Structure formats: C-alpha cells, structure tokens
Amino acid sequence: MRYAPPKGTYDILPPAPGRDAVQNSALWQWLETSFREICRQYGYSEIRTPIFESHDLIHRSVGEGTDIVAKETFDFITKGNDALTLRPEGTAGVMRAFVSNRLYIERPVTKLYYIGPNFRYERPQKGRYRQHHQAGAELLGASGPEADAEVIALACGFYARLGLTDLKVKLNTVGTPESRAEYVKALRTWAEPLLPQMSGENNRRFAQNALRMLDSKEPQDIALLATAPSLSDYLDEASQTHFAAVKGYLTAMGLPYEEDPRLVRGFDYYTHTVFEIQSVVLGDKALGGGGRYNGLIEAVGGPATPGIGFGLGLERVLLALEETGISLPTASGLDAFLCPLGEAARASCVTLLAHLRAEGVVCDMDYTGRRMKAMLEQADQCKARFAVILGDDELAQGVATVRDMITKVQEVAPLESLSRLLM
C-alpha cells in the first residue's frame, strides 16, 4: 500500500527543478536563517518549546470564544489520561516556558524568538495547512509604546530583508479590558436586532465572543458593520495616549501604516496595540500579525509582566515571494564530486573523501560504479564545481584528474594538494 501525507500537510524536500517553493528545503533554510539574523540584530534570543502543551493552557490563554479554540485545535488524551493540545500558535507555549523556567528573574526585559510548526484543524487551502510554520517574537517586561513600535519594526524588517515591500501594515488598538468591556456591551446592543441579517458565523460569534464579529469576511456582515459603533469612542485616556505614541514612533521610523478600526485579531489575550501585515500581491491576505497582551503572563500563573509579540506565517511568505517574482536563492552545490573508475579507485575515494571533508571541502562521490558519463551527469545535478576523476593510472601516480564543470577544462593535481585546489 502506498501512503500519502496526512490531509493538510506536505513534505519539505531537497531542491529540484519545478518544485513548489513551500516544498523546497533550501528556501526554508534561507527563510529561517534570515529571521534568526534579524532577531539577533534586535537583541532577541531563540526559545524552543514543545509542539504540544496542556489543554487548559491553550484553551485558557487563546480563549474559549475564539475560532481557533472553538473549531481548530487538535486535542487528545494520552495513555496516562493527560489532556493535551497540539499548539495552534506560538505565544502561549512561550509564556508557559517564561513562567515555568522563571526567565523573568534573569533580566528585567526578555526578548525571545521562535520558529516552528503549529497545528490547526481547518479546511486546507493554498497557504493554509493543518500543519503550518510560524516565526515569531515576544518582548516581555516593557509596557511602553516604544516596545510596540520595535516589535512592528522587527516584523517589517524581516519582510524587507527578503525583498517583500508591497505590504500593508494595518494598525488598531483594542484598549484595556475595562474599556473594551464597555464597547462590547454597546456592540451587542447594536448587533442584536440585526442578527437575522448576519451570517451564521457572526451569529455564533455574537453568542461567544462579540468583538470577533468585527473580523467577519462575509459580504453581508461587512455591509452591516459599516454602521457599528467604533471602539475608539470607548477608549480611556491612557489607551488613546498609548496608541498615539505608537503611531508617532512608527512615523518617526519611516514605517507607513493604515489605521483599521475593525482590526481585532483572533486571540482573546490582546490589549492595546494590535497589528496585521498584509500582502498586496496575495489579495491583501495576512502574512502575519500580533499585538500587546499585558495580562497573559498573569493568566498562566506568572507575575504581572507586560508583553507584546507577533507570529508570521512562513508558507504565506514563500507564496508572496513567488507571486512577487523575487529571485529566490538556490541551493549551494558541492565543491567537488569524486568519480572513481574501478574497485581500487572506489576504495581509495572513501579515504580521500574523508580527508577532503576534514579539510573543509564540501564533497560527495559516486557509490554505484556507473560509467564516466553518468557520474559527470550526477556531478552536474549536484551542482559540483569540480569533478575529481580517479582511476588506476591516477592511483599509480598519486594524482587525480580535476575537471572544471563550468569551463570543462581538466588538469592533473597531486592528491596531497587537492583540497587547496578544490577550495
């Protein structure tokens, strides 16, 4: 029986002509390296957490009324009767690690980044998978608007480093929990008589999490929401001051943004600033986003610690790069591919291969005993700069024939100085 990948998943494979970007391992390595480099530039350190966490942690932190928890989490019971959930996003696990490892003792402001898979039980489509990958960053211990601006600048800087510039930064504030509660009361009062005209999804959201009604993509909901009360009218003075300062910092840094009063994001833990970065070439689909979550660490058992962070969907980034037509990096090839002619040469090449690798040469060899033409074709497939040909005559003289795979020029080189030539 031949097995296929589970629904909503895919394999990341070695580079090959015509392979989709999301399946190209060389592009993933480049993407992850680029994110690590900019995070180090901003002073962030990597954190790695388990792909599954306590069911209660995920459901409590993300929010029972969110679409993710209501419809999309992978929940399971272990043989030891533990209730666990595959992580649907990265922040909750990072907060748990921050608390359980008492990282707040090590430094007053903690900057962390992560890269890894998340899991959501949703209908698979291009750019959205049941196992998908995120890169994210969290800045913990700083409550000022300058921290919000830094996190947004970090996310935008990552995209700029890749060459993605045709983006929109949508910005809003959801205020404090207290001011938001007053707004939700007004929103529910406004929405209740309109429920028969709204989508079934927004009827569900009205009952479970009314604020999420603002995020509906259904045409009939969008038309009705144009007359909804505005959250900005319910913000307290501190929330307004904080938001104004964030916008001022972004302007000072030269980062354009668009205010979007309907932007609320998908998690219950957000306070104050929320943002989303959209790709114009993908039809304004979100590449990622985030926001401030000042009460989240307390909610998972830690000390009162402000925080702000983001998560970026890496599959969406690769699709945007393809659609934009940016020249993507290709896998680097070998320095040399060894072509042994005969049993004695193959045995010698095993030792030679180990010696060259110890000297820092990136190399491989033919293990199948094919003819010269086939070995040279394989050297081309491996993008080898040189083919090193070793037969009985070369063995007797202690030399190798080195073929330049670009110019096709061949020369004879002593085996003891071979590594210097190949490098």
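Below, each value reflects all heavy atoms present in this structure, side chains not excepted, and no hydrogens, waters or symmetry copies. Residue numbers count from 1 along this sequence. Please read all numbers here as calculations on a predicted model, not as lab measurements.
- Contact check for Val300 versus Arg60: no side-chain heavy atoms found under the 4.5 Å cut-off.
- In this structure a side-chain-to-backbone donor-acceptor pair under 3.5 Å is missing from Asp20 to Gln23.
- Inter-residue side-chain proximity for Phe386 and Asp404 is flagged as met; some heavy-atom pair is nearer than 4.5 Å.
- The number of heavy atoms from other shown groups lying within 6.0 Å of NZ (Lys247) is above 12.
- Looking at Leu84 and Ile77, their side chains never come closer than 4.5 Å, going by heavy atoms from C-beta outward.
- Interatomic distance, CG of Leu287 versus OG of Ser279, reported as 5.0 Å (0.5 Å rounding).
- No side-chain N or O of Tyr234 forms a donor-acceptor pair with one of Glu178 less than 3.5 Å apart.
- With hydrogens and angles left out, the side-chain atoms of Arg19 and Asn24 include no donor and acceptor closer than 3.5 Å.
- A donor-acceptor pair is defined here as one N or O able to donate and one able to accept, closer than 3.5 Å; no such pair exists between the side chain of Ser179 and the backbone of Gly175.
- Rounding to the nearest 0.5 Å places SG of Cys382 at 12.5 Å from CE of Met365.
- Using a 4.5 Å heavy-atom cutoff, the side chains of Ser25 and Leu13 are not in contact.
- The neighbour count for Phe74 CZ, taken as heavy atoms of other residues, nucleotides or ligands under 6.0 Å away, is above 12.
- Under the 4.0 Å criterion applied to side-chain N and carboxylate O atoms, Arg420 and Glu359 are not assigned as salt-bridge partners.
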Given Arg316 and Glu323, is the salt bridge (Lys or Arg N to Asp or Glu O under 4.0 Å) satisfied, shown in steps? CA-CA 10 Å; Arg316 284 274 178 89; Glu323 198 67 31; over 6 Å; no
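- Atom-to-atom distance recorded for Leu112:CG and Leu103:CG is 6.5 Å, nearest 0.5 angstrom.
- At distances below 3.5 Å, at least one donor-acceptor pair connects side-chain atoms of Asn203 with backbone N or O atoms of Ser199.
- Between the side chain of Ser239 and the backbone N or O of Leu235, no donor-acceptor pair lies under 3.5 Å.
- The closest side-chain heavy-atom distance from Leu171 to Phe243 is below 4.5 Å.
- Classification of Glu37 and Arg161 as a salt-bridged pair holds, one side-chain N sitting under 4.0 Å from a carboxylate O.
- Proximity of Leu376 to Phe337: side-chain heavy atoms (C-beta onward) are nowhere separated by under 4.5 Å.
- At a threshold of 4.0 Å, the pair Glu192-Arg188 does not count as salt-bridged, since none of the basic side-chain nitrogens sits closer than that to a carboxylate oxygen.
- A donor-acceptor pair is defined here as one N or O able to donate and one able to accept, closer than 3.5 Å; such a pair exists between the side chain of Thr78 and the backbone of Gly80.
- Distance check, rounded to the nearest 0.5 Å: OH of Tyr129 to CG of Asn118 gives 15.0 Å.
- Ala147 approaches Ile308 most closely through the heavy-atom pair O-CG2, 4.1 Å.
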Take Asp335 and Arg357, measure what salt bridge (Lys or Arg N to Asp or Glu O under 4.0 Å) needs, and give me the verdict at the end. CA-CA 10 Å; Asp335 294 328; Arg357 287 169 173 168; over 6 Å; no
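- In this structure, Asn294 and Pro306 approach most closely via the heavy-atom pair OD1-CB, 3.4 Å.
- For the pair Glu122 and Arg130, the salt-bridge criterion is not met [side-chain N within less than 4.0 Å of a carboxylate O].
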Worked verdict on Lys111 versus Glu138 for salt bridge (Lys or Arg N to Asp or Glu O under 4.0 Å): CA-CA 6 Å; Lys111 295 182 174 184; Glu138 317 288 351; over 6 Å; no
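- Between the side chain of Thr9 and the backbone N or O of Pro5 there is no donor-acceptor pair closer than 3.5 Å.
- Scanning both residues, Ala336 and Leu422, for their nearest heavy atoms gives CB-CD1, 3.8 Å.
- Note: His59 and His55 have parallel aromatic rings, judged against thresholds of 30 and 60 degrees for the angle between ring planes.
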side-chain hydrogen bond (donor to acceptor under 3.5 Å, both in side chains) assessment of Asp366 paired with Thr368: CA-CA 6 Å; Asp366 176 73; Thr368 60; 2.9 Å; yes
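- Taking each heavy atom of Gly333 and Val362 in turn, the nearest pair found is O-CG1, 4.4 Å.
- Note that CD of Gln208 and CE of Met213 are 12.5 Å apart. Values are rounded to the nearest 0.5 Å.
- A salt bridge does not link Arg180 with Glu182: every distance from a Lys NZ or Arg NE/NH1/NH2 to an Asp or Glu carboxylate oxygen is 4.0 Å or more.
- Between the side chain of Asn101 and the backbone N or O of Ala97, at least one donor-acceptor pair lies under 3.5 Å.
- Applying the 6.0 Å contact sphere to CZ of Arg48 captures no more than 12 heavy atoms from other residues, nucleotides or ligands.
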For the pair Glu150 and Leu139, evaluate side-chain contact (heavy atoms from CB on, under 4.5 Å) and give the outcome as yes or no after the intermediate values. CA-CA 9 Å; Glu150 174 180 300; Leu139 195 165; 3.5 Å; yes
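- Note that OG1 of Thr324 is 10.5 Å distant from CG of Leu162, once rounded to the nearest 0.5 Å.
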Test side-chain contact (heavy atoms from CB on, under 4.5 Å) on Leu321 and Leu27; report intermediate values, then the result. CA-CA 11 Å; Leu321 288 166; Leu27 295 182; over 6 Å; no
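- In this structure, Lys383 contributes its side chain and Asp380 its backbone to no donor-acceptor pair below 3.5 Å.
- In the displayed structure, Lys373 atom NZ is contacted under 6.0 Å by at most 12 heavy atoms of other residues, nucleotides or ligands.
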Please report the C-alpha distance between Phe35 and Phe158 in whole Å, then the side-chain angles of each, then the deciding distance to 0.1 Å, and finally whether the ring-ring contact (aromatic ring centres under 6.0 Å, His included) criterion is met. CA-CA 6 Å; Phe35 188 71; Phe158 170 59; 5.2 Å; yes
Please evaluate residues Leu390 and Cys339 with respect to the criterion side-chain contact (heavy atoms from CB on, under 4.5 Å), reporting the C-alpha separation (whole Å), side-chain torsions for both, the decisive distance (0.1 Å), and the verdict. CA-CA 6 Å; Leu390 196 64; Cys339 304; over 6 Å; no
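- Here the side chain of Thr271 pairs no donor or acceptor atom with the backbone of Thr176 at under 3.5 angstrom.
- Aromatic ring centres of Tyr104 and Phe98: separated by under 6.0 Å.
- Between Arg120 and Thr73 the shortest side-chain heavy-atom distance does not fall below 4.5 Å.
- Residues Ala21 and Leu318 share a closest heavy-atom pair of O-CD1, 3.7 Å.
- Under the side-chain contact (heavy atoms from CB on, under 4.5 Å) test applied with Val169, the options Leu250, Ile152, Leu255 reduce to a single match, Ile152.
- The shortest distance between side-chain heavy atoms of Met405 and Arg385 does not fall below 4.5 Å.
- When atom types are taken as modelled, the side chain of Arg262 and the backbone of Leu214 share no donor-acceptor pair closer than 3.5 angstrom.
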Going through the checks in order, is the side-chain contact (heavy atoms from CB on, under 4.5 Å) test met by Asp233 and Tyr183? CA-CA 8 Å; Asp233 294 335; Tyr183 171 69; over 6 Å; no
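- Nearest heavy atom pair, residue Trp190 against residue Leu224, reads CZ2-O, 3.1 Å.
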